[in-house]
Peer 1: 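Dropping a structure here in structure tokens format, bear with me for questions.
These numbers come from a predicted model, not from an experiment. Note on naming: letters A, B, ... go to the chains in the order of the sequence lines (proteins, then strands), and numbering restarts at 1 for each one.
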Amino acid sequence: MKKLAPELLEELKEKKEPEKGLPPLEINGSLVMRFAPNPNGPPTLGSARGIVVNSEYTGRYNGKLIIRFDDTDPVTKRPMLEAYDWYLEDCLWLGTKPDEVIIASDRIPLYYETAEQLIRKDGAYVCFCKQEVFKALKDEKKACPHREQGVEKNLGLWKDMLSSCYKEQEAVLRIKTDIAHRDPAIRDWVAFRIIKTPHPRPSVGDRYCVWPLLDFEGAIEDHLCGTTHIIRGKDLIDSERRQRYIYKYMGWAYPKTLHWGRVQIYEFGKLSTSAIKKAIAEGIYTGWDDPRLPTIRAIRRRGIRPEALRKFMIDLGLGETDISLSLDTLYAENRKIIDPIANRYFFVWSPVKMEIEDAEPKVAKAPLHPSRGGIREIPVGTEVLVCRDDVETLKVGERLRLKDLYNIQITGISPLRAKFIGTDIDLIKKEKARIIHWAPTDGLKVRVLSPDGEYTGTGERGIEKELDRVVQFERFGFVRIDSVDDGVVAYFTHR
RNA sequence: GCUCCGAUAGUGUAGCACGGCCAAUCAUGUCAGACUCUCACUCUGACGACUGGGGUUCAAAUCCCCAUCGGAGCACCA
């Protein structure tokens with residue numbers, strides 16, 4: 001068959017292995033996609049999905065990827081200056097370098113230009129209605145008095161808006177849609193409002209007092225950027241219907257859209273960016289990379305590999321169903337990468353000292369990795385440290401083995417004492433006795449920061465040589481060695 | 001209230017646009033066993049789902065209707 005019809009074989013393989021993660025994209029000509037975050041906080045796991053999926057597609061189809069900062073709200077979702085770079089950093093970490101970076105707050109004049117054109121086409125009008133008044137009219141499918149005030153008047157009023165003639169809340173520019181549209185969400189929506197708070201970016205500052213809302217800014221940008229495909233949350237599904245009015249007035253072609261549902265991560269529950277910001281300020285979290293947070297920076301600091309995160313995100317696929325997922329799958333993915341390369345070490349949490357009678361001081365030789373070779377040497381005297389968890393289940397008379405050291409028999413619980421009873425591992429195997437790990441009494445002070453708290457204890461020497469690497473603390477889990485200055489600080493990866 | 005979506009095992013997904021090959025895929029999880037000087041890794045096996053009700057049809061996870069449940073929008077937030 002290989003000889004007769006290799007292409008058939010190929011086809012067979014493809015049929016058997018359909019697109020596991022992302023569905024194929026319908027493309028006419030070229031592909032341009034964008035990832036459009038608001039930099040009001042650092043990238044989260046949710047952002048990672050956007051970065052990964054968009055870049056996966058542009059990579060697959062040789063398209064162009066744009067990162068666009070939708071930072072047009074200086075107040076409610078005020079951008080954070082550091083976050084712009086954080087996004088770029090995290091993109092790189094995830095293996096993606098956007099082909100172009102666009103910052104909306106740099107391009108306000110472009111939006112003004114389109115706004116004016118829309119007014120000239122009688123597709124937008126300046127409205128002075130109070131919010132509640134307009135809502136009441138809208139709910140009854142009734143136009144407000146400003147809707148038909150005429151193009152010339154609108155142009156004048158728009159100029160006045162731009163020249164700061166009005167206060168906040170006093171005037172807005174609305175897009176004329178269909179005031180009787182069956183879906184109230186579509187009726188004459190607001191495109192620009194007045195904000196006098198300066199923008200946090202120094203280069204922008206108080207230059208503008210009229211700011212576009214997302215639906216307007218996004219609509220114009222997607223056209224200017226030549227976006228062919230948009231993937232966004234289904235909470236923005238109405239955006240398309242709203243934005244299409246602009247596209248119709250301007251004679252533009254609307255990009256293809258795809259949506260995904262809301263993601264809830266089991267381990268983190270619902271943490272909003274603003275809530276986290278507050279908690280950090282109050283000192284509840286140590287910072288945006290606190291291991292308890294669902295930010296990319298935190299995940300990275302914990303030693304999750306970007307390839308694992310990518311695969312995890314791609315396997316989620318593209319569904320409009322809301323999903324609530326557990327990170328177990330991500331951890332399993334990461335373990336596959338990390339387990340073959342992570343060196344093993346002993347770390348004893350909540351250590352308890354154990355005295356061993358009849359023991360000769362010696363140097364334990366333990367493998368650095370169960371299958372890759374390499375040896376670590378740990379000198380021991382007549383005392384070792386073991387975990388309180390283990391001690392709590394010990395009984396006097398019980399025989400067990402200190403891993404990679406020798407066999408002992410418990411002679412007392414408090415204080416904890418044991419006696420040396422030989423080095424032969426077979427004895428332990430025959431008795432199916434336990435094997436526990438231990439640490440030398442003069443080991444390193446180790447702190448492990450994990451999503452569910454902090455573990456402190458003692459680790460064997462040598463860990464300090466693994467700075468910035470992921471290792472496995474035997475019978476504990478994987479950790480990334482974060483610092484070794486004053487004792488070791490490790491970030492918990494997963495079990 | 002008005003307008004949209006969506007619903008496959010504990011979780012996430014494949015299959016659904018062109019009904020039969022689906023007593024339903026893969027991954028993760030859980031349990032049991034093997035291996036192992038780690039409660040890790042690996043291996044083996046088991047567990048486990050088409051939301052419900054009608055209809056169309058020789059045949060429905062796939063098409064239609066209703067119900068239920070879940071989500072979103074109706075902001076001068078993104």
Peer 1: Parallel, tilted or perpendicular: which one describes the rings of A/Phe35 and A/Tyr87, with boundaries at 30° and 60°?
Peer 2: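 Judged by the thresholds at 30° and 60°, the geometry between A/Phe35 and A/Tyr87 is tilted.
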
Peer 1: Are A/Arg242 and A/Asp238 close enough, and set up right, to give a salt bridge (Lys or Arg N to Asp or Glu O under 4.0 Å), and what steps lead you there?
Peer 2: CA-CA 6 Å; A/Arg242 283 194 283 255; A/Asp238 282 339; 5.1 Å; no

Peer 1: What nucleic acid atoms does A/Val172 come within less than 4.0 Å of, heavy atoms only: base, sugar-phosphate, or nothing?
Peer 2: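 Base: the residue A/Val172, judged by heavy atoms under 4.0 Å, touches a nucleobase.
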
Peer 1: Any idea which of B/C76, B/G12, B/C37 is nearest the A/Ile435 side chain?
Peer 2: B/C37

Peer 1: Between A/Phe128 and A/His146 (judged by ring centroids, cut-off 6.0 Å), do the two rings come close enough to count as a pair?
Peer 2: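 Yes; A/His146 has its ring centre under 6.0 Å from that of A/Phe128.
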
Peer 1: B/A78, B/U38, B/G29: which one has an atom nearest the side-chain heavy atoms of A/Arg335?
Peer 2: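 It is B/G29.
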
Peer 1: Is it the case that more than 12 heavy atoms not belonging to A/Lys419 sit under 6.0 Å from its NZ atom?
Peer 2: no

Peer 1: Does the Lys NZ or Arg CZ of A/Arg187 fall within the cation-pi geometry relative to A/Phe134 - under 6.0 Å from the ring centre and within 45° of the axis?
Peer 2: no

Peer 1: Report yes or no: is there a donor-acceptor pair, N or O only, under 3.5 Å between the side chain of A/Lys77 and the base of B/C77?
Peer 2: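 Side chain to base: pair found, below 3.5 Å.
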
Peer 1: Should the side chain of A/Glu333 and the base of B/U28 be counted as holding a donor-acceptor pair, with the cut-off at 3.5 Å?
Peer 2: no

Peer 1: Between N or O atoms, less than 3.5 Å apart, protein on one side and nucleotides 66-69 of chain B on the other: list the pairs.
Peer 2:
none

Peer 1: For A/Leu330, which contact category applies under a 4.0 Å heavy-atom criterion: base, sugar-phosphate, or nothing?
Peer 2: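 Nothing, no nucleic acid heavy atom in range.
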
Peer 1: Of all the nucleotides listed (B/G12, B/A78, B/C76), which has the minimum atom distance to the side chain of A/Ile323?
Peer 2: B/G12

Peer 1: Among B/C37, B/A40, B/C77, which nucleotide has an atom closest to any side-chain atom of A/Arg193?
Peer 2: B/C77

Peer 1: NA contact type, A/Asp390, heavy-atom cut-off 4.0 Å: base, sugar-phosphate, or nothing?
Peer 2: base

Peer 1: Between atom CD in A/Gln243 and atom P in B/A78, what is the gap in whole Å?
Peer 2: 12 Å

Peer 1: Does A/Arg201 make a cation-pi contact with A/Tyr84 (under 6.0 Å, within 45 degrees of the axis)?
Peer 2: yes

Peer 1: If we only count heavy atoms from C-beta on, is the A/Pro440 to A/Arg461 side-chain gap below 4.5 Å?
Peer 2: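 Side chain of A/Pro440 against side chain of A/Arg461, heavy atoms only: no contact under 4.5 Å found.
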
Peer 1: Of all the nucleotides listed (B/U28, B/C76, B/A72), which has the minimum atom distance to the side chain of A/Arg262?
Peer 2: B/A72

Peer 1: Looking at every strand, decide which applies to A/Phe312 at a 4.0 Å heavy-atom threshold: base, sugar-phosphate, or nothing.
Peer 2: nothing

Peer 1: Name the atoms and distances for all side-chain donor-acceptor pairs under 3.5 Å in residues 165-174 of chain A, with sequence neighbours left out.
Peer 2:
from: A/Glu168; atom 1: OE2; to: A/Lys196; atom 2: N; distance (Å): 2.6
from: A/Glu170; atom 1: OE1; to: A/Lys167; atom 2: N; distance (Å): 2.8
from: A/Arg174; atom 1: NH1; to: A/Asp188; atom 2: O; distance (Å): 3.0

Peer 1: Within the 4.0 Å heavy-atom criterion, would you say A/Arg434 contacts the bases, only the backbone, or no part of the nucleic acid?
Peer 2: nothing

Peer 1: Can you give one letter per nucleotide of nucleotides 43-50 of chain B, 5' to 3': B if a protein heavy atom sits under 4.0 Å from the base, S if only from the sugar-phosphate, - if neither?
Peer 2: --------

Peer 1: Please work out if A/Pro370 contacts a base, only the sugar-phosphate, or nothing of the nucleic acid, heavy-atom cut-off 4.0 Å.
Peer 2: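 Counting heavy atoms under 4.0 Å across all strands, the contact made by A/Pro370 includes a base.
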
Peer 1: Would you indicate whether the side-chain heavy atoms of A/Phe473 and A/Ile463 approach each other to under 4.5 Å?
Peer 2: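 Of all side-chain heavy-atom pairs linking A/Phe473 with A/Ile463, at least one is under 4.5 Å.
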
Peer 1: If I take atom CD in residue A/Glu221 and atom P in nucleotide B/A78, what distance separates them, rounded to the nearest angstrom?
Peer 2: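 Between P of B/A78 and CD of A/Glu221: 14 Å.
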
Peer 1: A/Lys403 has a side chain; which of B/G73, B/A40, B/C37 sits nearest to it?
Peer 2: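 Nearest listed nucleotide: B/C37.
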
Peer 1: Below the 4.0 Å mark, does B/C76 have OP1 or OP2 next to a side-chain nitrogen or oxygen of A/Lys130?
Peer 2: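 No, outside the criterion.
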
Peer 1: How is A/Thr72 classified with respect to the nucleic acid when contacts are heavy atoms under 4.0 Å: base, sugar-phosphate, or nothing?
Peer 2: sugar-phosphate

Peer 1: Could you write nucleotides 1-10 of chain B as a row of B, S and -, 5' to 3', where a protein heavy atom under 4.0 Å of any base atom gives B, of only sugar-phosphate atoms gives S, and otherwise -?
Peer 2: -BSSSS----

Peer 1: Return the 5'-most residue of the pair A/Ile436, A/Phe134 with respect to RNA chain B, ranking by each residue's nearest nucleotide.
Peer 2: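 Upstream on the strand: A/Ile436.
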
Peer 1: Under 3.5 Å for both pairing distances: what stems, at least three Watson-Crick or G-U pairs long, include RNA chain B?
Peer 2: B:1-7 with B:68-74, B:10-12 with B:26-28, B:29-34 with B:42-47, B:51-55 with B:63-67

Peer 1: Could you tell me whether A/Leu325 contacts a base, only the sugar-phosphate backbone, or nothing, with contacts defined as non-hydrogen atoms closer than 4.0 Å?
Peer 2: sugar-phosphate

Peer 1: Choosing from B/A40, B/U28, B/C77, which nucleotide comes nearest the side chain of A/Thr76?
Peer 2: B/C77

Peer 1: Indicate, with a heavy-atom threshold strictly under 4.0 Å, whether A/Ser324 touches base, sugar-phosphate, or nothing.
Peer 2: sugar-phosphate

Peer 1: Counting side-chain heavy atoms from C-beta on, which of B/U28, B/G12, B/A40 comes nearest to A/Leu316?
Peer 2: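 Looking only at heavy atoms from C-beta outward on A/Leu316, the closest nucleotide is B/G12.
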
Peer 1: May I ask you to check whether A/Tyr455 and A/Phe476 place their ring centres under 6.0 Å from each other?
Peer 2: yes

Peer 1: Rounded to whole Å, how long is the line connecting atom CZ of A/Phe478 with atom C1' of B/C41?
Peer 2: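 Answer to the nearest Å: 8 Å.
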
Peer 1: Contact class for A/Asp70 vs. all strands (heavy atom < 4.0 Å): base, sugar-phosphate, or nothing?
Peer 2: sugar-phosphate

Peer 1: For the side chain of A/Lys138, starting at C-beta, report the closest nucleotide among B/A40, B/A75, B/C37.
Peer 2: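 Selected nucleotide: B/A75.
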
Peer 1: Within residues 33-52 of chain A, find the residues that approach RNA chain B with a heavy atom at under 4.0 Å, and present them sorted by residue number.
Peer 2: A/Asn38

Peer 1: Under 4.0 Å between any heavy atoms, over every strand shown, what does A/Ile425 touch: base, sugar-phosphate, or nothing? Just pick one.
Peer 2: base

